[in-house]
Amino acid sequence: MWAKTIQWLGNKARLIDQRKLPKEEVYVDITTPEEMYDAIKSMLIRGAPAIGVAAGYGIALAALNNCNKSYIKEKIELMESARPTAYNLFYVTNRMKKLLDYEDINASMFISEAVLIHKEDKELTEKLGEYGASLIPDQAQCMTICNAGALATGGIGTALAVFYKAKEKGKKISVFVPETRPFLQGARLTAWELKKNGIESILIADSAISHILKTEKVDSIFIGADRIARNGDTANKIGTYGLSLAAKEHQIPFFVVAPSTTFDLSIKNGKEIPIEERGAEELIEFGGIHTAPENIKVRNPAFDVTPNYLIKGIITEKGIIYPPFEQGIKNALH
Ligand code: MRU
């Protein structure tokens with residue numbers, strides 16, 4: 001029962017509106033690059049690989065409208081400005097920029113490239129799931145954070161693909177799902193998606209993470225990633241760093257699950273990863289009701305960086321990379 005996260009319908013993209021889940025399953029048709037930019041920025045669609053796939057279609061829509069090189073370049077830059085942290089967005093825009101090097105360009109080149117990126121992303125998630133599932137015992141209790149599932153990719157997910165493939169192999173698993181404030185990707189999206197696909201999930205408050213790791217048997221933790229540096233430092237949803245620290249304290253293996261399209265090999269370590277800061281409204285309101293004084297000063301970083309020494313392994317489509325990560329990443333991905 002996979003969510004139809006992104007569909008390409010020949011001359012438009014159809015996206016499930018993730019802001020409305022789990023209450024309503026609403027699909028929105030996107031017909032212009034500006035609409036796609038708004039969809040990414042407002043988190044109608046989110047999750048690093050899904051943002052990349054969506055941006056590819058946004059650029060295809062630009063080319064359908066006008067195949068002038070400077071116009072397409074402008075729309076590629078528009079996509080790049082939607083959100084700063086997820087590297088998959090820049091992986092896709094870099095691929096699209098290469099098409100501008102051809103002397104003669106046409107819309108079908110951009111559409112084919114976007115469709116190919118989507119197809120490749122789907123295939124990558126299958127491989128991630130297979131490698132990850134090999135780490136799961138026949139009966140296991142796991143934890144994740146945010147939503148790194150079908151809703152966050154063009155396929156079956158990154159971290160959640162591991163659970164889906166484990167289930168396919170007959171393993172019995174249940175997953176602790178932190179709610180992931182302030183946008184509630186855990187409560188609204190992961191809990192919804194796992195339930196739809198028959199995997200037992202147990203919702204917990206973010207503030208319950210350390211307590212659960214201390215008092216329950218959690219076999220391993222699988223998380224997605226928004227950008228991974230050359231040394232394995234990993235940016236993911238805010239709260240992931242805290243989760244990795246608690247995992248270390250309780251000796252619980254902490255795995256990152258990400259395709260090669262999430263690795264930014266141009267940066268040495270996590271200090272160079274741009275961290276998105278989102279609006280105050282996500283923190284001062286809850287369900288439209290003010291829960292903090294209106295003019296309070298707010299910091300709302302949307303991501304944090306887990307240092308490589310807190311990571312047990314990085315599951316990629318090329319296999320599982322173990323420390324030392326710098327060398328492992330070089331061998332696997334160069
Ligand atoms: O702000 P979001 O919802 O786009 O953040 C998403 C995450 O942090 C995911 O864990 C990450 O993109 C991996 S998704 C396969």
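Read the numbers this way: they start at 1 and go in the same order the structure lists the ligands and their atoms.
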Please determine if G224 has a nitrogen or oxygen closer than 3.5 Å to a nitrogen or oxygen of ligand 1.
-> no
Could you tell me whether F254 and F222 have their ring centroids closer than 6.0 angstrom?
-> no
Shortest protein heavy-atom distance from atom 11 (C) of ligand 1, along with the residue and atom involved | D226 OD1, 3.1 Å
Do S134 and E130 have a side chain donor and acceptor closer than 3.5 Å?
-> no
Report yes or no: does F303 have a heavy atom closer than 4.0 Å to ligand 1?
-> yes
Determine, for E34 against K75, whether the closest basic-nitrogen to carboxylate-oxygen distance falls under 4.0 angstrom.
-> yes
Among protein heavy atoms, which lies nearest atom 10 (O) of ligand 1, and at what distance?
-> N236 OD1, 2.7 Å
Looking at E294 and I284, what are the two nearest heavy atoms and their distance?
-> O-CD1, 3.9 Å
Return yes or no for this condition: an N or O of T158 is under 3.5 Å from an N or O of ligand 1.
-> no
May I ask whether R83 places a heavy atom under 4.0 Å from ligand 1?
-> yes
At a 4.0 Å cut-off, with the gap strictly under it, does some heavy atom of V257 reach an atom of ligand 1?
-> no
Please confirm whether A152 comes within less than 3.5 Å of ligand 1 when only nitrogen or oxygen atoms on both sides are compared.
-> no
Using a 4.0 Å heavy-atom cut-off, say whether A86 meets ligand 1 through its side chain, its backbone, both or neither.
-> neither
Residue selection (non-hydrogen contact nearest atom 1 (O) of ligand 1) among K237, R46, R227, Q18 | K237
Which of parallel (below 30°), tilted (30 to 60°) and perpendicular (above 60°) describes Y322 and F255?
-> perpendicular
NZ or CZ of K237 within 45° of F303 ring axis and under 6.0 Å = yes
May I ask you to list the atoms of ligand 1 that are less than 4.0 angstrom from any heavy atom of A148?
-> 14 (S), 15 (C)
Go through T85 and I273 one step at a time and tell me if the side chain to side chain contact (heavy atoms under 4.5 Å, CB included) criterion holds.
-> CA-CA 7 Å; T85 305; I273 300 178; 4.1 Å; yes
Between E277 and N300, is a side-chain hydrogen bond (donor to acceptor under 3.5 Å, both in side chains) present by the stated rule, with each step listed?
-> CA-CA 5 Å; E277 188 89 25; N300 186 15; over 6 Å; no
Which atoms from ligand 1 have a heavy atom of Q185 less than 4.0 Å away?
-> 1 (O), 2 (P), 3 (O)
Under 4.0 Å from a heavy atom of M43: give me the atoms of ligand 1 that qualify, with their elements.
-> 1 (O), 3 (O)
What closest approach, in Å, do E317 and L128 show between heavy atoms, and which atom pair accounts for it?
-> N-CD2, 3.4 Å
Check whether any heavy atom of A225 sits under 4.0 Å from an atom of ligand 1.
-> yes
If you count the atoms of ligand 1 from 1 in the order shown, which ones are under 4.0 Å from a heavy atom of A48?
-> 12 (O), 14 (S)
Just heavy atoms, cut-off under 4.0 Å: does I145 contact ligand 1 by side chain, backbone, both, or neither?
-> neither
Numbered atoms and elements of ligand 1 in range of P49, under 4.0 angstrom, heavy atoms = 14 (S), 15 (C)
Do N88 and T262 meet the criterion of a side-chain donor-acceptor pair at a distance under 3.5 Å?
-> yes
For atom OH of Y71, is the number of surrounding heavy atoms from other residues, nucleotides or ligands below 6.0 Å larger than 12?
-> yes
